[in-house]
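Since the structure is predicted, the reported quantities are computational estimates derived from the model, not experimental observations. Chain A is the first sequence line, chain B the second, and so forth, proteins listed ahead of strands; every chain is numbered from 1.
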2 protein chains.
Amino acid sequence: MVTLAEVARHAGVSASTVSYVLSGKRPISDPTRRRVRASIERLGYQPHAGARALASSRSRIIALMVPLRTDMYVPVMLEIAVAVATAARAHGYDVLLLTGEEGPSALRRVTGSGLAEAVILMDVQLDDERLPVLRAAGPPAVLVGLPADPAGLNCVDLDFTAAGALCVEHLAGLGHREIAVIGEAPGVYARHTGFAERTLRGLRDRAAESGVRLLHRPCEGGHDAVAGVLARIFDERPGVSAFVVQNETAIEPLLSLLRRTGRAVPEDVSVVAVCADQIAAQASVPLTSVAIPAQELGRRAVDRLVAGLTRPDAEDTAGVELLTPALTVRDSSGPPPPPARPGSPRSAAPPHGARAGSRPPGS
Amino acid sequence: MVTLAEVARHAGVSASTVSYVLSGKRPISDPTRRRVRASIERLGYQPHAGARALASSRSRIIALMVPLRTDMYVPVMLEIAVAVATAARAHGYDVLLLTGEEGPSALRRVTGSGLAEAVILMDVQLDDERLPVLRAAGPPAVLVGLPADPAGLNCVDLDFTAAGALCVEHLAGLGHREIAVIGEAPGVYARHTGFAERTLRGLRDRAAESGVRLLHRPCEGGHDAVAGVLARIFDERPGVSAFVVQNETAIEPLLSLLRRTGRAVPEDVSVVAVCADQIAAQASVPLTSVAIPAQELGRRAVDRLVAGLTRPDAEDTAGVELLTPALTVRDSSGPPPPPARPGSPRSAAPPHGARAGSRPPGS
DNA sequence: CTGAAAGCGCTAACAG
DNA sequence: CTGTTAGCGCTTTCAG
């Protein structure tokens with residue numbers, strides 16, 4: 001292995017000079033720098049990461065903790081992870097991948113051993129067990145997500161409350177008065193995942209303001225689960241003319257079921273999703289949706305972390321940052337159908353049992 | 001920060017004794033070990049990763065390179081990554097996340113700097129640009145995937161050729177004589193991704209053996225693209241009675257389009273997928289499928305890597321390991337329909353929407 | 001603008 | 001079974 005000392009000898013300078021050429025922490029004359037650079041190139045020198053971390057007590061590594069369970073927003077998780085890795089590299093950092101499995105102890109481990117200088121947490125829960133580690137003079141950290149009490153924590157997330165409001169606003173603006181929400185799996189709410197509850201709050205508050213009736217139902221993924229939930233929804237609220245979906249695995253089943261039961265989208269019912277843009281765009285009916293800005297979230301998380309690492313004093317590098325959601329109108333939302341009258345075709349729609357169902361009367 | 005020296009002083013032993021208590025590389029008397037353990041506990045000592053790496057020239061870090069582009073098998077990629085991280089931890093290793101973006105130079109960087117001891121590569125292409133780095137006395141490595149020439153490389157992958165054969169076998173066994181394959185996006189084939197081509201070979205070879213006609217069409221994701229491909233397939237081969245799909249984003253659109261065009265699955269057409277089990281199970285028609293064993297792939301990759309790291313001499317830790325695929329029968333495959341005759345109900349199915357093109361006359 | 005030298009915290013001979 | 005000690009390769013004062 002080529003060491004700094006060898007480079008120094010080869011270039012006819014001292015070790016410290018080579019070090020300073022690399023770090024730029026003190027002025028080096030042009031000729032010297034040139035010679036050193038040439039030697040580095042010539043010998044194929046690469047600074048030893050461990051030695052560097054030891055001497056400088058800076059590992060230039062950020063730990064990223066991704067959820068072990070992959071029951072929601074899977075593509076988004078990967079996209080955030082990749083964005084974090086990419087952004088980190090742009091700042092000269094590498095990323096260590098931790099799974100949620102190890103929990104708080106993993107944070108202590110990588111942080112206490114100096115392996116990682118800072119951490120980014122994904123899939124934050126309202127009362128996350130990893131938070132105490134961070135508050136107690138813990139390592140620099142950024143949460144992608146928002147816990148119940150973000151005091152003293154550095155958080156980045158989509159403003160899901162606004163996202164929920166945006167969905168209702170869009171639908172109410174089109175004239176819908178009764179909306180059903182198909183949410184994440186019950187387990188997601190059970191463990192108090194922040195974004196799910198915040199979305200719901202946004203939906204409810206805006207619904208109340210707009211005089212819209214709202215029905216929320218958590219929903220497991222998969223076709224059968226969605227079928228059950230859908231049947232119950234129409235049973236309880238026959239007047240529902242629009243859906244908001246926040247569950248990627250429910251999207252296609254929902255669209256499929258609506259078709260089978262003879263409800264055209266958007267003519268008979270509107271659908272608005274909160275999901276990754278790509279998924280909304282590629283759905284069997286391109287969906288009006290509020291996007292989860294995965295790349296942006298990952299990038300912002302790293303930027304804030306690095307800012308804090310670089311100038312630990314700056315106050316403006318902490319706190320909560322909520323990205324403003326944007327709703328993209330595609331083909332799945334429109335005005336509600338005129339009120340059905342007894343004997344009208346729609347009330348005669350088959351109770352979705354026949355698999356390939358009778359074809360819908362072309363709206 | 002608590003150092004090993006402090007622990008030694010606190011326990012009244014020498015530094016090396018503490019070190020050996022930690023590493024177990026030499027016998028320590030029970031009382032001594034106890035005292036040292038107690039001091040470690042008491043002081044909350046954590047060995048410094050950098051110092052360790054420097055002194056031992058072993059970082060206990062494995063680099064994992066995930067593809068930057070996320071145009072296929074996204075959930076599988078995440079699952080493999082998480083499995084790698086989990087398995088690595090079980091062996092006392094941590095995982096560094098690299099994106100494909102940096103390419104071969106990233107491998108040189110993390111490996112040359114001693115940051116990572118070994119690497120795992122995902123999304124391997126037949127003629128992968130990262131391979132030269134590995135062959136030339138490169139770092140220990142395991143590829144998740146199979147390049148064109150795996151000589152001297154350590155590879156783990158699903159036996160996609162067998163997977164393809166399995167699909168044809170299943171369908172041929174049911175009596176199908178004309179099968180269409182909906183493949184990955186054209187770009188995937190264009191960059192010569194091994195698994196896609198191997199699957200195709202397995203499909204073709206077995207089709208030839210079984211006297212089955214096979215038509216292969218790459219396909220972009222999304223509903224519209226699938227609609228186009230499907231229309232062309234039925235146009236060229238009206239007799240197609242079964243589909244093999246190897247493209248997660250094409251699955252639901254395909255099922256949806258088949259329904260819309262009045263073809264029941266599995267009564268009229270059978271569908272077999274090569275995809276993650278969860279996706280097959282949750283599809284709107286639970287799909288007969290060959291699973292991609294993501295967890296197993298990740299675990300095996302790490303196991304092989306660690307085996308090679310531990311006993312670098314052992315010859316059996318190198319070479320290619322192909323996991324045997326398994327086909328799970330679900331609800332989407334069955335015998336082909338009896339040959340349609342003019343005037344039969346199926347040929348009278350409504351030509352719903354210009355979207356899927358005009359329906360071909362049955363068989 | 002450059003050099004010399006003192007560690008950073010740990011491992012692994014070497015010595016007993 | 002345990003202690004002593006010489007580095008591992010780099011950063012960063014302290015000198016000049």
>> Between A/Asp128 and A/Asp123, is there a side-chain heavy-atom distance shorter than 4.5 Å?
In response: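 A side-chain contact is absent here, since even the closest heavy-atom pair is not under 4.5 Å.
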>> For a 4.5 angstrom cut-off between non-hydrogen side-chain atoms, does B/Leu297 reach B/Val76?
In response: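 A side-chain contact under 4.5 Å is absent here.
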Does [N] have OP1 or OP2 under 4.0 Å away from a side-chain N or O of [X]?
{"X": "B/Arg52", "N": "C/dG9", "answer": "no"}
{"X": "A/Ser19", "N": "D/dT12", "answer": "no"}
{"X": "A/Tyr20", "N": "C/dA4", "answer": "no"}
{"X": "B/Arg26", "N": "D/dT2", "answer": "no"}
{"X": "A/Ser56", "N": "D/dT11", "answer": "no"}

>> Measuring from atom OH of B/Tyr73 to atom CD1 of B/Ile80, what distance do you get when rounded to the nearest 0.5 angstrom?
In response: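 The OH atom of B/Tyr73 sits 10.5 Å away from the CD1 atom of B/Ile80.
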> If you measure from OG1 on A/Thr86 to CD on B/Glu102, what distance do you get to the nearest 0.5 Å?
Replying inline: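 Here the interatomic distance stands at 8.0 Å.
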Side chain of [X], heavy atoms from C-beta onward: which of [options] has the nearest atom to it?
{"X": "A/Tyr45", "options": "C/dC8, D/dT2, D/dC10", "result": "D/dC10"}
{"X": "B/Ser29", "options": "C/dG3, D/dT2, D/dC8", "result": "D/dT2"}
{"X": "B/Thr32", "options": "D/dT2, C/dG9, D/dG9", "result": "D/dT2"}
{"X": "B/Thr17", "options": "D/dT2, D/dT11, C/dC10", "result": "D/dT2"}
{"X": "A/Lys25", "options": "C/dG9, D/dT12, D/dG3", "result": "D/dT12"}

>> Between the base of C/dA4 and the side chain of A/Ser16, is one N or O donor paired with an acceptor at under 3.5 angstrom?
In response: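 Per atom types, the contact qualifies.
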For atom [atom1] of [X] and atom [atom2] of [N], their distance in whole Å:
{"X": "A/Leu4", "N": "C/dG7", "atom1": "CG", "atom2": "C1'", "answer": "15 Å"}
{"X": "B/His48", "N": "D/dC8", "atom1": "NE2", "atom2": "C1'", "answer": "14 Å"}
{"X": "A/Arg60", "N": "D/dC10", "atom1": "CZ", "atom2": "C1'", "answer": "14 Å"}
{"X": "B/Leu54", "N": "C/dT11", "atom1": "CG", "atom2": "P", "answer": "11 Å"}
{"X": "A/Arg34", "N": "C/dC1", "atom1": "CZ", "atom2": "C1'", "answer": "16 Å"}
{"X": "A/Met1", "N": "D/dG7", "atom1": "CE", "atom2": "P", "answer": "18 Å"}

> Contact class for A/Leu22 (heavy atom, under 4.0 Å): base, sugar-phosphate, or nothing?
Replying inline: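 Touches nothing.
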> Heavy atoms under 4.0 Å, any strand shown: does B/Val13 hit a base, just sugar-phosphate, or nothing?
Replying inline: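 Touches sugar-phosphate only.
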>> On DNA chain D, does the nearest nucleotide to B/Ala51 precede the nearest nucleotide to B/Pro31 from the 5' side, or the other way round? Give the residue.
In response: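 The residue whose closest nucleotide sits nearer the 5' end is B/Pro31.
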> Is a side-chain N or O of A/Ser19 found less than 3.5 angstrom from the main chain of A/Ala15, in a donor-acceptor match?
Replying inline: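 Checked: no pair found.
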> Under 3.5 Å, is there a donor-acceptor pair between the side chain of B/Thr193 and the main chain of B/Val188?
Replying inline: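 Such a contact is found between B/Thr193 side chain and B/Val188 backbone.
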> Between A/Ala15 and A/Arg35, which is nearer to the 5' end of DNA chain C once each is assigned its nearest nucleotide?
Replying inline: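 Its nearest nucleotide being more 5', the pick is A/Arg35.
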>> Looking at every non-hydrogen atom in both residues, tell me the closest pair between A/Leu115 and A/Ile61 and how far apart they are.
In response: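 Scanning both residues, the minimum pair turns out to be O-CB, 3.4 Å.
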>> Give me the atom names and distance for the closest heavy-atom approach of B/Leu323 to B/Glu321.
In response: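 Minimum heavy-atom separation between B/Leu323 and B/Glu321: CD2-OE2, 3.7 Å.
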> How far does the helix from C/dC1-D/dG16 to C/dG16-D/dC1 bend, going by the axes of its first and last five pairs, to the nearest 10°?
Replying inline: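 Terminal axis comparison yields 30°.
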